[in-house]
> 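This structure is in structure tokens; I'll ask about it shortly.
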Amino acid sequence: MKQKMVLKVQMNCEKCRAQALRIAAATQGVTHIAIQGKEKDELMVTGDEVDSVKLTRCLRKKLHHATILTIEVIKEKKEEKKDDEKYTSPYYVCYPPYPMPPQIMVQDPCQSQACSIM
């Protein structure tokens with residue numbers, strides 16, 4: 001279940017914004033993060049099964065003020081495949097290459113200069 005939530009977070013400086021983004025990115029299930037709002041104090045988080053209470057609690061612990069403004073569930077549209085689109089790629093047959101004859105190596109034992117101990 002994909003959901004989109006907007007959290008109001010006290011982010012007065014660039015360091016606080018970076019820390020809020022880091023905390024949100026580390027939360028399990030988050031796929032997209034953005035800072036929005038007139039005063040850039042709203043954090044929009046999108047993801048699959050994100051625990052909004054846990055995220056808000058972590059933000060409050062580090063930044064001292066965070067509230068949940070909205071949470072909305074995004075329904076995924078199922079893609080309908082048409083029969084025309086199903087077989088658009090041409091059908092190719094790959095034949096194996098012609099078999100190569102086996103290569104036979106013949107070595108004269110008298111011409112070998114390898115070590116005879118082995």
> Which distance, rounded to the nearest 0.5 Å, do you find between the CG of Asp51 and the OG1 of Thr56?
8.5 Å

> With rounding to the nearest 0.5 Å, note down the distance linking NE2 in His65 to CG in Leu59.
11.0 Å

> Is a side-chain donor or acceptor of Gln3 paired with a backbone partner of Val50 at a separation under 3.5 angstrom?
yes

> State, yes or no, whether a side-chain contact exists between His32 and Met44 at a heavy-atom distance under 4.5 Å.
yes

> Going from SG on Cys16 to NZ on Lys40, what distance comes out if it is rounded to the nearest 0.5 angstrom?
14.5 Å

> Do the side chains of Ile71 and Ile23 join up, straight or via other hydrophobic residues, at under 4.5 Å, putting them in one cluster?
yes

> Taking Thr46's backbone N and O only, do any of them form a donor-acceptor pair with Thr31's side chain (distance below 3.5 Å, no angle check)?
yes

> With a 4.5 Å cut-off on side-chain heavy-atom distances among I, L, V, M, F, W and Y, is there a chain of contacts connecting Val45 to Val6?
no

> Transitively linked via ILVMFWY side-chain contacts under 4.5 Å: Ile68 with Leu55?
yes

> For the OG1 atom of Thr70 and the NZ atom of Lys8, what is their distance to the nearest 0.5 Å?
12.0 Å

> Going only through I, L, V, M, F, W and Y residues with side-chain contacts under 4.5 Å, is there a path from Ile33 to Val9?
yes

> Around Gln36, counting heavy atoms of other residues, nucleotides and ligands shown, do more than 12 lie under 6.0 Å from its CD?
yes

> Quick check: is Ile74 connected to Met5 through a chain of hydrophobic side chains (ILVMFWY, heavy atoms under 4.5 Å apart)?
no

> Ala20 and Leu43: which non-hydrogen atoms are nearest, and at how many Å?
O-CD2, 4.1 Å

> Shortest non-hydrogen contact from Met11 to Glu42?
CE-N, 4.0 Å

> Counting only heavy atoms from other residues, nucleotides and ligands, does the tally under 6.0 Å from CD of Glu72 exceed 12?
yes

> To the nearest 0.5 Å, how far apart are OG1 in Thr27 and CZ in Arg22?
13.0 Å

